[in-house]
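Throughout, protein chains are lettered first and strands after them, A, B, ... in sequence-line order, and every chain is numbered starting at 1.
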Protein chains: 2
Amino acid sequence: MSTREGLLFVARSKEFDDLTAVTAARDVFWERGYASTSLSQLQSATGLSKSSLYETYGSKRGLFARAASNYLDTVVGPRLAPVEAAGAGPAELAGYFTGLAEFFDRAPSQIARRGCLLLNTAMDLNDLDEEAATLVRNYRARVQAAFLGVCRGRVPDAEAEILTAAQIGLMVTSRLDPALACSLARSLAARVSAWPADEAPPAS
Amino acid sequence: MSTREGLLFVARSKEFDDLTAVTAARDVFWERGYASTSLSQLQSATGLSKSSLYETYGSKRGLFARAASNYLDTVVGPRLAPVEAAGAGPAELAGYFTGLAEFFDRAPSQIARRGCLLLNTAMDLNDLDEEAATLVRNYRARVQAAFLGVCRGRVPDAEAEILTAAQIGLMVTSRLDPALACSLARSLAARVSAWPADEAPPAS
DNA sequence: GACATTCCGAACCGATCGGTCCAGAGTATC
DNA sequence: GATACTCTGGACCGATCGGTTCGGAATGTC
């Protein structure tokens with residue numbers, strides 16, 4: 001708003017929801033990757049005109065930044081939260097993999113095949129910038145840190161490194177064959193569940 | 001060649017080496033992915049003109065098929081051969097990962113960051129065809145089969161499934177950070193080496 | 001009505017895309 | 001020289017790319 005001659009004028013309010021638009025764009029990037037996503041596809045998904053997209057997000061790259069941030073907040077965060085919580089144990093980690101298994105099992109093929117937006121970005125790093133590269137590296141580090149928190153005191157630290165790699169492989173596999181990914185996720189959950197108890201074992 | 005009036009004429013011989021050109025193209029696809037590789041980049045890499053490329057390989061897609069086949073023959077095959085051999089054991093599997101670790105350690109960054117041509121293709125499946133998709137799935141299945149041959153009789157079969165995922169994650173990680181991939185590969189080798197002996201344990 | 005802002009359609013930019021074609025130079029054997 | 005084939009540079013195709021600009025309609029408050 002602006003003032004002039006003591007009068008207060010209020011501008012026309014926004015007609016589209018920013019979160020809705022970013023989410024729609026996120027899904028296109030997620031499914032097709034950054035480089036293979038065209039502006040016209042983003043227009044179709046968001047329902048916004050090219051002018052509005054440019055005016056609001058500055059560029060394709062700017063919209064991608066918003067999409068990636070949204071992905072971290074609404075997809076990665078909630079799924080990883082129980083594992084990142086203080087005191088998380090094998091049960092929480094197994095639940096993480098079981099949750100993914102159920103997702104691959106139940107979600108429609110088109111959704112299950114999207115893999116991970118940030119890992120998919122690893123293939124587009126040639127077309128993006130160093131900022132995008134560190135974004136992906138930080139994501140990987142965050143996953144490994146969460147896994148490591150559960151491993152400490154129970155299994156060697158290298159287990160977290162390997163589990164992180166397996167998780168990355170899991171998301172890539174889901175792009176190839178969601179059913180295979182489902183099976184794999186269950187195997188990972190089973191493996192974590194088989195870890196020895198860390199404290200006083202239950203008297204049986 | 002053709003005959004006419006009883007005379008035999010022999011055509012001009014090829015001036016470029018097919019294997020060299022395919023290898024050069026393969027490296028570009030490997031580094032940049034299918035969709036992000038342009039014809040002009042393929043021209044620069046192969047040293048061939050657009051006309052010759054079209055005449056020889058039919059299309060960008062046709063050249064990619066040759067590149068992928070070459071990749072399987074000259075990259076995947078040799079590295080996986082010892083693991084696929086009859087009677088291969090943990091030592092061969094550990095050697096596989098150690099070989100990758102040394103590669104990530106010694107190869108120039110630009111080379112080490114290429115990851116796996118076929119796994120990278122998983123991101124381009126939207127732009128390719130079902131034939132390409134089965135190519136990647138078959139590669140994954142081949143790796144898992146090789147790993148499974150070593151697991152049998154020593155560790156549960158699910159270990160091969162998880163190791164395959166870890167191997168996929170390893171190749172993705174190498175695109176992000178070769179040093180991390182090197183460390184990961186060594187951890188995988190160590191893990192496999194720690195498997196219990198399958199037959200009469202050595203008397204100590 | 002005046003004013004401020006939002007939004008879109010459309011035109012436009014320069015560039016690149018994969019693909020097609022052809023004239024002509026080069027290279028080989030007879 | 002005649003013949004047959006290889007190979008290239010360049011022109012061309014229609015299409016699409018990300019990005020930019022602008023006029024004007026729509027929507028709001030005063």
- [ ] For the residue pair B:Tyr139 and B:Cys116, establish whether any side-chain heavy-atom pair is separated by less than 4.5 Å.
- [x] yes
Open item on the list: Parallel, tilted or perpendicular: which one describes the rings of A:Phe64 and A:Phe29, with boundaries at 30° and 60°?
Closed with: perpendicular
Task: Options D:dG18, C:dC8, D:dT8, nucleotide nearest the side-chain atoms of A:Leu48 - done: C:dC8
Task: Under-4.0 Å side-chain N/O to phosphate OP1/OP2 contact, B:Ser40 with C:dC17 - done: yes
Open item on the list: What is the distance, to the nearest angstrom, from the CD atom on A:Glu55 to the P atom on D:dG23?
Closed with: 15 Å
Task: Rounded interatomic separation in angstrom, taking CZ from B:Arg32 and C1' from C:dT16 - done: 13 Å
Task: Distance, rounded to the nearest Å, where A:Lys60 contributes NZ and D:dT16 contributes P - done: 15 Å
Open item on the list: So for B:Ser51 and D:dG10, does any side-chain atom that can act as donor or acceptor lie under 3.5 Å from a complementary atom in the base?
Closed with: yes
TODO: Using a strict cut-off of less than 4.0 Å between a Lys/Arg side-chain nitrogen and an Asp/Glu carboxylate oxygen, indicate whether A:Glu31 and A:Arg113 qualify as a salt bridge.
DONE: no
- [ ] Please report, rounded to the nearest Å, how far the P atom of C:dT20 is from the CG atom of B:Leu53.
- [x] 13 Å
Open item on the list: Taking 4.0 Å as the cut-off, does a side-chain nitrogen or oxygen of B:Ser49 come that near to OP1 or OP2 on D:dC7?
Closed with: no
- [ ] Under 4.0 Å between any heavy atoms, over every strand shown, what does A:Ser36 touch: base, sugar-phosphate, or nothing? Just pick one.
- [x] nothing
Task: Salt bridge flag under 4.0 Å for residues A:Arg186 and A:Glu102 - done: no
TODO: Nearest whole angstrom, please: distance from the C1' of D:dC17 to the CG of B:Leu39.
DONE: 16 Å
Task: Which residue lies more 5' along DNA chain D, comparing A:Gln41 with A:Gly58 via nearest heavy atoms - done: A:Gln41
Task: Length of the line joining A:Asp127:CG and C:dT16:P, which is rounded to integer Å - done: 14 Å
- [ ] Find the distance B:Arg61:CZ to C:dC17:C1' and express it as a whole number of Å.
- [x] 18 Å
Open item on the list: Please classify the nucleic acid contact of A:Gly62 as base, sugar-phosphate, or nothing, using heavy-atom distances under 4.0 Å.
Closed with: nothing
- [ ] For D:dC17, take OP1 and OP2 only and decide whether either is under 4.0 Å from a side-chain N or O of A:Ser38.
- [x] yes
TODO: May I ask you to test the B:Tyr96-B:Phe147 pair for a side-chain heavy-atom distance under 4.5 Å?
DONE: yes
- [ ] Consider the side chain of B:Tyr54, meaning its heavy atoms from C-beta on, and name the nucleotide among C:dG18, C:dT20, C:dC7 that approaches it most closely.
- [x] C:dT20
Task: Distance, rounded to the nearest Å, where A:Tyr57 contributes OH and D:dG18 contributes C1' - done: 18 Å
